[in-house]
2 protein chains.
Amino acid sequence: MVYRRTHQVVKRLAARRSAILAAARDAAAEGGMSAVQIAPVAVRANVAAGTVYRYFPSKADLISELIAEVSRDELAAIRRAADAAPGPSSALAAAVTTVAVHVLSQRRLAWGILAEPVDVDVTASRLASRREIAGEIASRIDAAVRAGHLPAQDTALAATALLGALHEALVGPLAPDNLEDPARLRDAVQTVTLLALRAVGVMDARARGLVVQAVLPAKTLVGA
Amino acid sequence: MVYRRTHQVVKRLAARRSAILAAARDAAAEGGMSAVQIAPVAVRANVAAGTVYRYFPSKADLISELIAEVSRDELAAIRRAADAAPGPSSALAAAVTTVAVHVLSQRRLAWGILAEPVDVDVTASRLASRREIAGEIASRIDAAVRAGHLPAQDTALAATALLGALHEALVGPLAPDNLEDPARLRDAVQTVTLLALRAVGVMDARARGLVVQAVLPAKTLVGA
DNA sequence: AGCCCGCCTGAATAGTTGTTCAGTTCTTGA
DNA sequence: TCAAGAACTGAACAACTATTCAGGCGGGCT
């Protein structure tokens, strides 16, 4: 055996893999999932089309990993925001606001990850992604229920419904289109957060209070 | 001119067009939008593939018309249910319940119409469909607001969010899977309707009352 | 009956992309 | 420097379906 992967080579391979993933992510953020085609992604990553297949068995695997990566980032952000909140209701508000802000700050990517038609099967990956995020929201709802702040309910279904509402209202085809304006963006985030909190049973007045509290820290996320 | 379309021919042409659309609808209901391919649809409709193109300029047009047709049916059902309700809040509850029941009774078709990846561009048609349904819901929310039953709000955004919540919770990939059972189906419909009503500001207790009232007439729709 | 014209057929066409692979280049260890 | 093998290249391949069109078929007019 006269050839072994030296540390330097391992690093280069890892860098290349990251570059391909990053290229895919950039392409998705710019042109949606339909722009994530092997040849263009390879060009972006400065490799040949064939090389992509040395790192990902198929396009489906590439996109699945992209979805998983974005999903991990989002989940971490949600946890960070919720854990920083003073109580279970605030945590729920923070979690919802975080989802809203994230989704809005990368609408095209979010749409691609969530719902855009793709020519390969990535349902499993999307399912896993939603399951994770929905699970996190569900556990936050659950905490608020246990604390006696909300009526008992099917938290899994509620979490799913909440995410559906956020996504449809903010990145779906009927989403308002003037969200470049920061003020409008904040309004939209507040509105959907308010809807979400009321949906799970928070009283209107209290929900309004939670919303403004949650939006303050979330504003810092918009820049990030 | 020695050839003119006789009445009989006109009828046959119309029947064939309907047959093709019905075949497409059946295919979508059975196997989702991916099953709506020209050749299989043509077989179902007892015509040759080429004939489909005498009635629809392209596959995109065929699917667009399918979407429009289903959308029309749904809109009519919503209006019927809402108009039969005694007051604006009941009407809203009835509208939401109707959407939920419809969507659940044809989950595969609904998923195809709403969100399933299609290999041709039908975004315009889907957009129009959502706009119609969302507009109807929005006007029902608006009526309840004007009647003083709900707080003032962005009704268009609220309607969009409501539909997103319904769709994601009932036909999305995280939707519960035991909905064949009528009792579970009713539970799911009630749960999401309750969420929707609370989201727009109906008090929990009142919302629960509206839900049970709305589900009674809607039960008859399940069979239809 | 006979001619005409348009509808219908379905095999062939065409365009799009994911995937492969033979040949080339680069890296390693002696 | 060189042999060996891994990594990379990119043009060719493959598969899938929407779409077309030349030729047949049948209904409509005189």
Side-chain angles (χ1 to χ4, degrees), chain A residues 1-21 23-24 27-28 31-66 112 116-122 125, chain B residues 1-21 23-24 27-28 31-66 112 116-122 125:
Chain A
M1 166 196 310
V2 5
Y3 179 97
R4 273 185 324 183
R5 281 190 179 171
T6 209
H7 176 61
Q8 167 184 314
V9 172
V10 170
K11 268 206 326 196
R12 183 170 50 99
L13 293 181
R16 218 153 233 200
R17 189 187 157 85
S18 300
I20 294 170
L21 259 180
M33 280 300 181
S34 62
V36 183
Q37 294 171 0
I38 299 296
V41 165
V43 169
R44 262 180 205 264
N46 282 314
V47 297
T51 302
V52 174
Y53 285 86
R54 297 196 63 80
Y55 294 89
F56 300 93
S58 73
K59 183 183 172 181
D61 293 272
L62 171 61
I63 294 187
S64 292
E65 187 121 354
L66 171 59
E116 185 182 349
V118 190
D119 56 358
V120 294
D121 184 39
V122 292
S125 179
Chain B
M1 171 194 309
V2 16
Y3 179 97
R4 269 187 326 184
R5 280 189 181 173
T6 209
H7 176 61
Q8 166 183 313
V9 171
V10 169
K11 266 206 324 195
R12 184 171 48 99
L13 292 181
R16 220 154 231 197
R17 188 187 159 86
S18 300
I20 293 170
L21 258 180
M33 280 299 181
S34 62
V36 184
Q37 293 172 3
I38 300 297
V41 165
V43 170
R44 265 180 203 264
N46 282 315
V47 296
T51 303
V52 174
Y53 286 86
R54 298 197 63 80
Y55 293 88
F56 300 93
S58 72
K59 183 183 171 180
D61 292 272
L62 171 60
I63 294 187
S64 291
E65 188 121 354
L66 170 59
E116 186 182 347
V118 191
D119 56 359
V120 295
D121 185 37
V122 293
S125 179

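Where B:G50 and A:R16 meet DNA chain D, the nucleotide closest to each residue was compared, and A:R16 sits on the side nearer the 5' end. If B:H7 and B:D119 are placed on DNA chain D by their nearest nucleotide, the residue sitting closer to the 5' end is B:D119.
Here the straight-line distance linking atom OG of A:S58 with atom CD1 of A:I63 works out to 9.0 Å at 0.5 Å rounding. Note that the CG atom of A:L66 and the CG atom of A:D61 stand 12.5 Å from one another [nearest 0.5 Å].
Between A:K11 atom NZ and C:dC26 atom P the separation is 20 Å, expressed in whole Å. Atom CD1 in B:I63 sits about 11 Å away from atom C1' in D:dA18, given to the nearest Å. Counting to the nearest Å, the P atom of C:dC7 and the CD atom of B:Q8 are 15 Å from each other. Summarising the geometry, the separation between CG on B:L13 and C1' on D:dG27 is reported as 11 Å, rounded to the nearest angstrom.
The side chain of A:T51 has D:dT9 as its nearest neighbour among D:dT9, C:dC8, D:dG28.
Using a 4.5 Å heavy-atom threshold, the side chains of B:R12 and B:V9 count as touching. For the pair A:F56 and A:L21, the minimum side-chain heavy-atom distance is below 4.5 Å. Residues A:L13 and A:R16 are not in side-chain contact: their nearest non-hydrogen atoms beyond the backbone lie 4.5 Å or more apart. Side-chain contact between B:Q37 and B:D119: absent, with no pair of heavy atoms (C-beta onward) separated by less than 4.5 Å.
Contact check of residues 53-62 of chain A against DNA chain D (heavy atom, cut-off under 4.0 Å) returns A:R54, A:Y55. Of the residues in residues 35-49 of chain A, those placing a heavy atom less than 4.0 Å from an atom of DNA chain C are A:Q37, A:I38, in numerical order.
The two residues A:S125 and A:S64 make their nearest non-hydrogen contact at OG-O, 3.1 Å.
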For a quick test of your reading: what N or O donor-acceptor pairs under 3.5 Å do the side chains of residues 38-54 of chain A make, sequence neighbours left out?
unit_1	atom_1	unit_2	atom_2	d
A:R44	NH2	A:E30	OE1	2.9

